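See below for the structure under consideration.
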Amino acid sequence: MILPTLIKAPLSDNKTKLLRQHNAPFRYYTATTSHHYLYISQTRSFARAEAWLARYRDVEGGWGVIEHINDDQFFIMFVSNNELLVTDEGDIDTLMRDYDVLLQRYHAQLFWCAPQHALMQGEIVEPLSEVELTPFALTPSLRRTPLIVGGAIVLSALLGFAGWLMLSQPAPPSNVTPVDPYLAYRTAVSHTSSAHDGLKQAVTLSAIAATVPQGWQVVSITLDNATATLTVNRLSEGQRPVITTWLAQHPELSGYRHLSLNTLTITLPVRETLTAWQDHLMPSTIPLTSLTDTFIALGWTVTPPVKDGGLLTTMSTFSIKKQTDLAALLSLDGILKQLPVSAKATLTPAGHLWDVAITFTFYGAST
């Protein structure tokens with residue numbers, strides 16, 4: 001990755017444990033009144049999001065930044081009341097598609113540090129200077145070698161060791177019709193949405209849920225293979241004019257919402273599939289064990305994987321549970337982005353936190 005990985009956790013989590021679980025050669029740590037923010041990297045880098053936060057600390061409400069890093073890579077971030085909602089990187093088309101709802105929501109305060117690529121309303125701004133970046137440089141950690149299995153860095157190293165297998169076949173005799181033994185696998189991954197994109201949409205819906213007006217109650221956020229859905233019910237004192245006025249203030253939701261007499265649903269598509277894995281097959285044992293160990297180290301309750309497959313490929317399903325804020329899901333981004341994993345989830349409000357239950361399916365080799 002070009003930029004460091006951001007680990008965001010509730011302030012109630014133990015700082016020492018957080019740093020120990022996410023040890024890396026270089027890191028930068030800060031905290032707000034509600035969250036820990038830990039940036040980790042294998043190389044010297046800067047916590048760019050913190051530098052942008054420092055520049056626009058006095059901007060009220062919500063805002064976003066789109067910054068051209070190099071070649072076709074861009075950095076995107078969104079902030080609400082001086083709290084980071086999400087950061088990501090990738091090509092401009094993918095970012096504009098994946099964050100369409102947030103882009104529309106914060107378009108009035110969108111800062112473009114990419115003048116040749118500004119695709120919508122916003123303010124063109126100067127790049128971060130060396131003076132602005134220097135205070136947010138990642139510094140060398142005291143320990144260079146992680147001693148605990150946990151976090152994206154350890155998992156990435158193990159995945160690098162495990163590698164992946166190219167799905168190649170010897171040429172059949174010319175008079176024999178070839179049969180693809182991996183057809184079921186190829187079909188499954190090409191029609192399955194990625195856990196990475198699904199949980200990203202769930203976090204987007206959590207930001208929307210935080211602004212639902214009084215008299216209307218958030219029931220849940222659900223994630224299935226193709227969509228993430230926020231469900232809001234009207235309470236006895238709730239009024240339809242209140243919710244319709246709120247919806248009118250959020251025109252970016254017009255294509256994603258449905259309002260009945262007593263229920264509002266907002267459904268976002270999960271567009272990213274596992275198609276990139278059609279011609280690759282990851283060995284299951286080491287990456288799957290590392291993945292479940294990572295969740296345990298992060299404080300999730302994990303059920304053992306159950307495998308279902310044949311001689312060549314298998315699907316391994318396991319579940320995790322935790323009461324947390326949805327910022328914890330952002331810390332999983334660097335892990336899930338690298339893996340052939342889909343997800344189904346149910347998230348229900350629990351005061352200022354959420355009860356999160358996620359079922360993952362890992363697609364890999366039977367070995």
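We're numbering straight along the sequence, starting at 1. A quick note: this is a predicted structure, and the numbers were derived from the prediction, not measured.
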>> Any side-chain to backbone donor/acceptor pair from His191 onto Thr187? Under 3.5 Å, distance only.
In response: yes

> Is it true that a side-chain atom of Thr32 and a backbone atom of His35 form a donor plus acceptor pair closer than 3.5 Å?
Replying inline: yes

Same apolar cluster: [X] and [Y], side chain cutoff 4.5 Å:
X      : Y      : answer
Leu53  : Ile69  : yes
Ile243 : Tyr256 : yes
Leu247 : Leu235 : no
Phe295 : Leu353 : no

> Any luck finding a side-chain donor-acceptor pair between Tyr99 and Gln201 under 3.5 Å?
Replying inline: no

>> When you compare the side chains of Gln217 and Asn233, does any donor N or O come within less than 3.5 Å of an acceptor on the partner?
In response: no

>> I'd like to know if Asp279 and Arg186 make a salt bridge, using a cut-off of under 4.0 Å between side-chain N and carboxylate O.
In response: yes

Residues forming a side chain to side chain donor-acceptor pair (under 3.5 Å) with [X], sequence neighbours excluded:
X      : answer
Glu67  : Arg48, Trp52
Thr94  : Asp91
Thr245 : none
Thr359 : Ser319

Got a list of side-chain donor-acceptor pairs under 3.5 Å for residues 264-272, not counting sequence neighbours?
| unit_1 | atom_1 | unit_2 | atom_2 | d |
| --- | --- | --- | --- | --- |
| Thr267 | OG1 | Thr229 | OG1 | 3.2 |
| Arg271 | NH1 | Arg97 | O | 3.3 |
| Glu272 | OE2 | Ser194 | OG | 3.1 |

> Centres of the Phe360 and Phe318 rings: under 6.0 Å?
Replying inline: yes

> For the ring pair Phe111 and Tyr56, is the centre-to-centre distance below 6.0 Å?
Replying inline: yes

> Tell me, which pairs form a salt bridge (Lys or Arg N to Asp or Glu O under 4.0 Å) where one or both residues lie in residues 193-204, sequence neighbours left out?
Replying inline: Asp88-Lys200, Asp98-Lys200, Asp197-Lys200

>> With side chain to side chain contact (heavy atoms under 4.5 Å, CB included) as the test, pick out the partner of Leu38 among Thr30, Ile7, Leu6.
In response: Ile7

>> Is it the case that atom NZ in Lys321 sees more than 12 heavy atoms from other parts of the structure closer than 6.0 Å?
In response: no

>> For Glu130, I'd like to know if atom CD has over 12 heavy atoms of other residues, nucleotides or ligands within 6.0 Å.
In response: no

